[in-house]
Amino acid sequence: MPWRAAPGSFSDPYHVWLSEIMLQQTVVATVRPYYAKFLAAYPAIANLAAASVEEVCGHWAGLGYYARARNLHKCARAVAILGDFPRDIAGLRELPGIGPYTANAIGAIAFGLPVLPVDGNIERVAARIFAITTPIPAGKPAIAAAAQAFMADKAAQAAPGDFAQALFDLGATICTPKSPNCLICPWNKHCLAFAQGIAASLPARTKKAERPHRIGTAYALMDADENILLIRRPPRGLLGGMLALPDTPPVAAKWQDAGSIEHVFTHFSLTLNVLVARHKTLPPGALSGPAATASLPSVMRKALDAARRALNHGS
DNA sequence: TGTCCACGTCT
DNA sequence: AAGACGTGGAC
């Protein structure tokens, strides 16, 4: 990983923090190009603090969970005021967007504090080693508590950051969610789930409630130069602070059907009907143009693509 | 195709 | 303290 330091050495706290925020609920392959883009745009956390929140959200577009981008910016400004990252868990926890996991990740990896950041990987390893069958999420606290026993290990104490990252790797490559490679696992002699032949079934999960379906409308108003009218959504809630197509008609116009797109969010799936219209000029102050459309959340990019297809066919 | 997975934080 | 919050890849 580009954000990792050589074994035995500490990583730059800025790099650890930036990568860990991006890695929340997001896989490494997705994060990689965003991490590179952010470091190019903001070589130091001071550059991030000096940027506008709109610009930061724009760079974040497509990565999802946009509260992370807003908190990233807030956190950068808080760190700018403090002068540097706090070097203790309690201090890190007070920063926006940093919860128990991320505080421990920064503490262990950047500062060598003897703490264990229990992510999904380490949770899975712990559930198996100790054969904890309580389903997640109810069983989460018990699994995290059991995982703390790992820190009794001398190697863990000596290099908490390397230890945590080694466990991440164990979970990602050997102790995988499905078909774990127990036969080559360095810990298989100590694994209760392996001994009982139940490793693949752990951690158990409570069946999720069915995802509701919603229907919405997006309005794409395009001028002669192919600019599309965009709005900025309110700073909280769904796609908070992000650019979007309006969900109510921005002007009186001859709206035409451009088909629909499907999108799945965490807590609902969405059919978005897209309507399009041509207009000579966009309202003054409209956000538009190629730079703006590059900064759209994925659902809005899908809608915009549908709108453009319809307009190009119709003309 | 659809289900699961990415434990993470905030309110 | 239960629910809100995105997206894409693996299988």
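Because the structure is a prediction, the values reported are computed rather than measured. We name chains A, B, ... by the order of the sequence lines, and we start the count at 1 in each one.
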>> Can you pull out the residues from residues 71-78 of chain A that lie within a 4.0 Å heavy-atom distance of DNA chain B?
In response: N71(A)

>> Below 4.0 angstrom, which residues in residues 165-174 of chain A have at least one non-hydrogen atom near DNA chain B?
In response: none

>> Tell me whether S11(A) contacts the main-chain N or O of V16(A) through its side chain, where contact means a donor paired with an acceptor under 3.5 Å.
In response: no

> Is a side-chain donor or acceptor of H59(A) paired with a backbone partner of S295(A) at a separation under 3.5 angstrom?
Replying inline: no

Students often get this wrong, so: under 4.0 angstrom with heavy atoms, is [X] touching a base, only sugar-phosphate, or nothing?
X: T26(A); value: base
X: G237(A); value: sugar-phosphate
X: L239(A); value: sugar-phosphate
X: Q25(A); value: base
X: V264(A); value: base

> Does the side chain of L221(A) come within less than 4.5 Å of L245(A)'s, by heavy atoms?
Replying inline: no

> Hey, are the side chains of L116(A) and F150(A) touching, using non-hydrogen atoms and a 4.5 Å cut-off?
Replying inline: yes

Could you check how far [atom1] of [X] sits from [atom2] of [N], rounded to whole Å?
X: L63(A); N: dG8(B); atom1: CG; atom2: P; result: 13 Å
X: L23(A); N: dT9(B); atom1: CG; atom2: P; result: 12 Å
X: D119(A); N: dA6(B); atom1: CG; atom2: P; result: 9 Å

> Please, which pairs that meet side chain to side chain donor-acceptor pair (under 3.5 Å) have at least one residue in residues 176-205 of chain A, sequence neighbours excluded?
Replying inline: none

> side chain to side chain donor-acceptor pair (under 3.5 Å): which pairs involve residues 255-267 of chain A, sequence neighbours left out?
Replying inline: Y65(A)-T266(A), E262(A)-T271(A), H263(A)-K302(A)

Centres of the [X] and [Y] rings: under 6.0 Å?
X: Y34(A); Y: W60(A); result: no
X: F265(A); Y: F268(A); result: yes
X: F163(A); Y: F168(A); result: no

> Rounded to the nearest 0.5 Å, what separation is found between the CG atom of L72(A) and the CD1 atom of I45(A)?
Replying inline: 7.5 Å

>> Could you measure the distance from the CG atom of N104(A) to the CD1 atom of I89(A)? Nearest 0.5 Å is fine.
In response: 4.5 Å

Salt bridge (Lys or Arg N to Asp or Glu O under 4.0 Å) partners of [range], not counting sequence neighbours, each pair once:
range: residues 51-79 of chain A; result: none
range: residues 119-128 of chain A; result: E123(A)-K140(A)
range: residues 213-234 of chain A; result: E226(A)-R278(A)

> With nearest nucleotides of DNA chain B determined for T266(A) and R236(A) from heavy-atom distances, which residue corresponds to the more 5′ nucleotide?
Replying inline: T266(A)

>> Would you say CD of Q157(A) has more than 12 non-hydrogen atoms from neighbouring residues, nucleotides or ligands within 6.0 angstrom?
In response: yes

> Using a heavy-atom distance cut-off of less than 4.0 Å, which residues of residues 92-107 of chain A contact DNA chain C?
Replying inline: none

>> Here's a test for you: under side-chain contact (heavy atoms from CB on, under 4.5 Å), which of V79(A), L39(A), I106(A) qualifies with Y14(A)?
In response: L39(A)

> Between Y101(A) and E20(A), does a side-chain hydrogen bond (donor to acceptor under 3.5 Å, both in side chains) hold up when you go through it step by step?
Replying inline: CA-CA 9 Å; Y101(A) 165 75; E20(A) 288 298 341; 2.7 Å; yes

> If pairs are Watson-Crick or G-U with both distances under 3.5 Å, what is the dot-bracket string of DNA chain B, marking crossing pairs with [ ] and pairs to another strand with |?
Replying inline: .|||||.||||

> Does anyone know the first and last nucleotide of DNA chain C in reach of chain A, 5' to 3', at under 4.0 angstrom to a heavy atom?
Replying inline: dA4(C) to dG8(C)

> So which one's nearest nucleotide on DNA chain C is more toward 5', A29(A) or G240(A)?
Replying inline: G240(A)

>> With a 4.0 Å cut-off on N to O distance, would you call D305(A) and R301(A) a salt bridge?
In response: yes

>> If the condition is salt bridge (charged side-chain N to carboxylate O under 4.0 Å, His left out), which residues does R4(A) pass it with, not counting sequence neighbours?
In response: D169(A)

>> Roughly how many Å apart are dT11(B) and dG6(C), using the P atom of each and rounding to a whole number?
In response: 14 Å

Nucleotides 1-5 of chain B: which of its N/O atoms have a protein N/O under 3.5 Å away?
residue	atom	partner	partner atom	Å
dC5(B)	OP1	R205(A)	NE	3.2
dC5(B)	OP2	R205(A)	NE	3.2

